[in-house]
Protein chains: 4
Amino acid sequence: MRKLPRQARALATTDAIRDAAAHVLGERGWQGLTTNTVAEAAGVSIGSLYQYFPNKLALIEAVRRRHFDDILLVLRNASDKTMPRERRIAALVEGMIAIHSRYPAAHHALLNECPRGEDSRRTHDFFAKEWRKSYEAVFAANARRAGDQSGIGASLLAGALAGAVHEAARRGTLDSPVMKQELLTMVDAYLARRQTVELPEPATTQARR
Amino acid sequence: MRKLPRQARALATTDAIRDAAAHVLGERGWQGLTTNTVAEAAGVSIGSLYQYFPNKLALIEAVRRRHFDDILLVLRNASDKTMPRERRIAALVEGMIAIHSRYPAAHHALLNECPRGEDSRRTHDFFAKEWRKSYEAVFAANARRAGDQSGIGASLLAGALAGAVHEAARRGTLDSPVMKQELLTMVDAYLARRQTVELPEPATTQARR
Amino acid sequence: MRKLPRQARALATTDAIRDAAAHVLGERGWQGLTTNTVAEAAGVSIGSLYQYFPNKLALIEAVRRRHFDDILLVLRNASDKTMPRERRIAALVEGMIAIHSRYPAAHHALLNECPRGEDSRRTHDFFAKEWRKSYEAVFAANARRAGDQSGIGASLLAGALAGAVHEAARRGTLDSPVMKQELLTMVDAYLARRQTVELPEPATTQARR
Amino acid sequence: MRKLPRQARALATTDAIRDAAAHVLGERGWQGLTTNTVAEAAGVSIGSLYQYFPNKLALIEAVRRRHFDDILLVLRNASDKTMPRERRIAALVEGMIAIHSRYPAAHHALLNECPRGEDSRRTHDFFAKEWRKSYEAVFAANARRAGDQSGIGASLLAGALAGAVHEAARRGTLDSPVMKQELLTMVDAYLARRQTVELPEPATTQARR
DNA sequence: GATGAATGAGCTTTCATTCAT
DNA sequence: CATGAATGAAAGCTCATTCAT
């Protein structure tokens, strides 16, 4: 951030800008997010926007941080050993559903469309590390089989859960109770497996060419 | 396609352009895919590109069609009842890994970043329908529990598998044998579950605000 | 107009752009009028041009409006019954000469070369109606023969006067006193005729083929 | 022309190309006339077109020559002293109407839109001279007043007639008998005037600004 | 602090023209 | 002679960013 807001008025301005950015991102995607659009949606001039955000990437960086915090909170709950296992898994699934219900498109755009600029790397890397650690904690707390040294189990869980939730958000079935049940089933089934599947003899299936 | 290639040399050109588009899409994403970049990567002039592809969208449309064909082929194998169940599941997982090993990031960008133009709707809608049907067939052929009238099980399977594979491609762990094992585990575990999980009493977990 | 100028400096910019457009149109015709040329001639950047004019057509639309206003003013004078007939006819001829002396070729290009965009239709249609009405008023006020229900007399007067003036502008003889005399003669002679000419028996003259 | 057609087949090709150019010019204007469009309309490849016409301008040059011939023929008739005066004037008006009835838009585009390239100057200049001489002959043969040393009378006649005819073509009233009558009236009235009009004392009419 | 006018690199796309086949 | 694939300069237009007011 180029300049720290010192007055309450300025703080309100930066909040308005960040909220407007999240809104525009959700409505129009990264393609349709232009600095002028955001400034207009926030009700400030483009000049004011640039007084607090040095460039376009810094804008979504602020949005990203908010989303990151939300996700980490959910993951923390999902590895909280003071709760029974089912409650933890439910917290994971329900938390993800809740987060993606708010600005479904914005969240999706944030993770999939928006480029990650050089100068915003640190923040992102920090979160990525936290995210990974949290997912590993979730895996460790809930899986019924041996450790996951490579982190592959955690990453699979993260990818599968995110993928299923995003797909559901796309189809508009995210708030269906059946979907919630199936998500719970999938997460629980994967984590509950004591042994991994035996790989059948190499099948000669392959993609074209 | 604006003009059909009639000479061998023109066919080579269109192929080179489509491959270059897939490559650039994978390397730089939709943002970084410019028509000039693609032309340069294909080793042809921008004019040649526009002789066969009416616009930027048509470019990725061609890439999309290729990926779609690949995926449908895999899904067809995965619901082929002449093979034993393990072989089918292995075909699904291995096929997906193979497809995403080629231009890992390209496939992800294709589905998540690229806008879908008016005129490319038909192709995409056709595929979306086929895709859904195929996944439903896969679910029906391999799940050990009752039917999936709403299609939610199939969509969850599709989303979870794609999400996990994409995440692995991002982390570069897609060709790890452990990853393949875990994918098999996840898919098999989800499909093998006879009953769905009981939802614990409403937990009061929620995202901020 | 895409954006209304709010500061004095912006108003000067839009004026400069419109004048430059008229100038370039006169010098190079519609073919040679490029947005960059106009911006350069106006001494502003291409971006500034597009801040006030949404596209190339809007540019000449602004020029057109100015010319239209000028012409309507002249026509109004030419049907002002408080002046004697000679004065009215002189007003018509002198007014047309004055208008076409400013950007001689621009006016011609405006009416003959420039395409008329969808969104500029309304303005043009409005003017076309006014123009027709005004010419009919001029004809009614100055012709020495019966009414012109079909409007053909008025349209002939309009076409002939414009044609002669444009041709003179092209040859550079528009400011010659003889030209003014001849224009007065032509207009007066046509309007003064009490009866129309008898058509001789069908001559068998024809163009080739 | 780059290469002279030596075989009958090649002559047919050049004719087809020129006719196609005239047709496209009439249908789509100079803007819409592209070399590929013309080649396609003529049913030949773009390569063949360029074998006979060195560039785009040479294409319309050929069309222009045809139109020029038509016009000169009409003007020649209009100054043919073996016919009575009314017949000559009728020949002028009827001939002009006939020419402009054929490809009205093409003719208009030819004279007003198409740029005159450096290398096509000679042909055009030759015609312009002939055209002027012919109009002067028409004026001399039909005007009832003293000579027109400056050529201004002839040029006014040319401009006024062309302007009125073009305006009529635009309005679609070119084939109306009333229009023919009015054209005859206008031409005859102008040429019949023995003395020019007296200019009233300078009126203070002026265009805006 | 706030404004919005001004900037210009860079994008997508067209089309006159060349040349290998 | 005929073909059409290939070329690339140049056009219209966008939008992140700066800076005078």
Side-chain angles (χ1 to χ4, degrees), chain A residues 3 5-7 9-10 13 31-40 44-59, chain B residues 2-14 31 33-39 43-57 59, chain C residues 2-14 31-39 43-57 59, chain D residues 3 5-7 9-10 13 31-40 44-57 59:
Chain A
K3 202 164 150 186
R6 303 194 185 178
Q7 302 181 3
R9 169 170 62 144
T13 301
Q31 298 290 327
L33 185 143
T34 69
T35 51
N36 278 289
T37 311
V38 172
E40 195 178 3
V44 302
S45 74
I46 181 65
S48 295
L49 188 154
Y50 271 90
Q51 230 152 29
Y52 297 108
F53 298 90
N55 54 46
K56 198 180 164 182
L57 285 177
L59 218 50
Chain B
R2 164 174 287 187
K3 200 158 120 189
L4 286 177
R6 299 189 192 181
Q7 301 180 5
R9 138 178 89 138
L11 196 79
T13 300
T14 57
Q31 296 295 320
L33 184 144
T34 65
T35 50
N36 279 290
T37 311
V38 171
V44 302
S45 76
I46 181 65
S48 293
L49 188 155
Y50 274 93
Q51 213 151 44
Y52 301 105
F53 299 90
N55 52 48
K56 201 181 160 180
L57 283 177
L59 218 51
Chain C
R2 164 173 286 189
K3 199 157 122 188
L4 286 177
R6 299 189 190 181
Q7 301 179 5
R9 140 177 88 138
L11 196 78
T13 299
T14 57
Q31 295 294 321
L33 183 145
T34 64
T35 51
N36 280 290
T37 311
V38 171
V44 302
S45 75
I46 182 65
S48 293
L49 188 155
Y50 274 93
Q51 214 152 43
Y52 300 106
F53 299 90
N55 53 47
K56 202 181 159 181
L57 283 177
L59 218 50
Chain D
K3 200 168 158 187
R6 301 191 187 181
Q7 302 181 5
R9 169 172 61 143
T13 300
Q31 298 290 328
L33 184 144
T34 70
T35 50
N36 279 289
T37 310
V38 171
E40 194 179 1
V44 302
S45 74
I46 182 66
S48 296
L49 188 154
Y50 272 91
Q51 229 151 31
Y52 298 109
F53 298 90
N55 53 46
K56 198 181 165 183
L57 284 177
L59 218 51

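We name chains A, B, ... by the order of the sequence lines, and we start the count at 1 in each one.
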Residue closer to the 5' end of DNA chain E, G47(B) versus R9(B) (nearest nucleotide): G47(B)

Interatomic distance where CD belongs to Q51(C) and P belongs to dT3(E) [whole Å]: 16 Å

Where N55(D) and Y50(D) come nearest, the two heavy atoms and their spacing: CA-CE2, 4.1 Å

Closest contact, heavy atoms only, V44(D) versus L49(D): CG2-N, 4.5 Å

Listed nucleotide nearest any side-chain atom of S48(A), set dT17(E), dT17(F), dT3(E): dT3(E)

Among dT12(E), dA9(E), dC1(F), the nucleotide that comes nearest once only the side chain of I46(C) is considered: dA9(E)

Whole-Å gap separating P (dG4(E)) and CD (E40(A)): 11 Å

For T34(D), all residues meeting side-chain contact (heavy atoms from CB on, under 4.5 Å), sequence neighbours excluded: N36(D), T37(D)

Pair pattern of DNA chain F in dot-bracket, where unpaired bases get dots and | marks partners in another strand, Watson-Crick or G-U under 3.5 angstrom: .||||||||||||||||||||

Heavy-atom closest contact (F53(A) atom, L59(A) atom, distance): CG-CD1, 3.6 Å

Touch class at under 4.0 angstrom, heavy-atom based, for T34(A) against every strand present: sugar-phosphate

Minimum-distance nucleotide to K56(C) side chain [options: dG12(F), dA2(E), dA6(E)]: dG12(F)

Partners meeting side chain to side chain donor-acceptor pair (under 3.5 Å) with S48(D) (sequence neighbours left out): S45(D)

For Q31(B), all residues meeting side-chain contact (heavy atoms from CB on, under 4.5 Å), sequence neighbours excluded: W30(A), Q31(A)

d(CG, L57(C); P, dA11(F)) in whole Å: 17 Å

Nearest heavy atoms of T13(C) and Y52(C), plus distance in Å: CG2-CE1, 4.4 Å

Protein-nucleotide distance (F53(B), atom CZ; dT14(E), atom P), rounded to Å: 15 Å

Closest listed nucleotide, where the reference is the side chain of V44(D) and the choices are dT7(F), dT3(F), dA16(F): dT3(F)

Nearest-Å distance for atom pair CG/P, residues N55(C) and dT14(F): 8 Å

Separation of atom CG in L59(A) from atom P in dA16(F), rounded to whole Å: 10 Å

Short side-chain N/O contact from Y50(D) to OP1 or OP2 of dT17(E), under 4.0 Å: yes

Atom-to-atom span, CD of Q31(B) to P of dT12(E) - whole angstrom: 11 Å

Any T35(A) side-chain N or O less than 4.0 Å from OP1/OP2 of dC15(F): no

Residue N36(C), side-chain heavy atoms: nucleotide from dT17(F), dT7(E), dG12(F) that is nearest: dG12(F)

Phosphate OP1/OP2 of dA6(E) contacted by T13(C) side-chain N/O (<4.0 Å): yes

Euclidean distance for C1', dG1(E) against dT21(F) (whole angstrom): 13 Å

Sub-4.5 Å side-chain heavy-atom contact between E40(D) and I46(D): no

Any Y52(A) side-chain N or O less than 4.0 Å from OP1/OP2 of dG1(E): yes

Any S45(D) side-chain N or O less than 4.0 Å from OP1/OP2 of dA2(F): no

Distance in angstrom units between L49(C) CG and dC15(F) P, rounded: 16 Å

Sugar-phosphate only, base, or nothing, as touched by L33(B) at under 4.0 Å among non-hydrogen atoms: sugar-phosphate

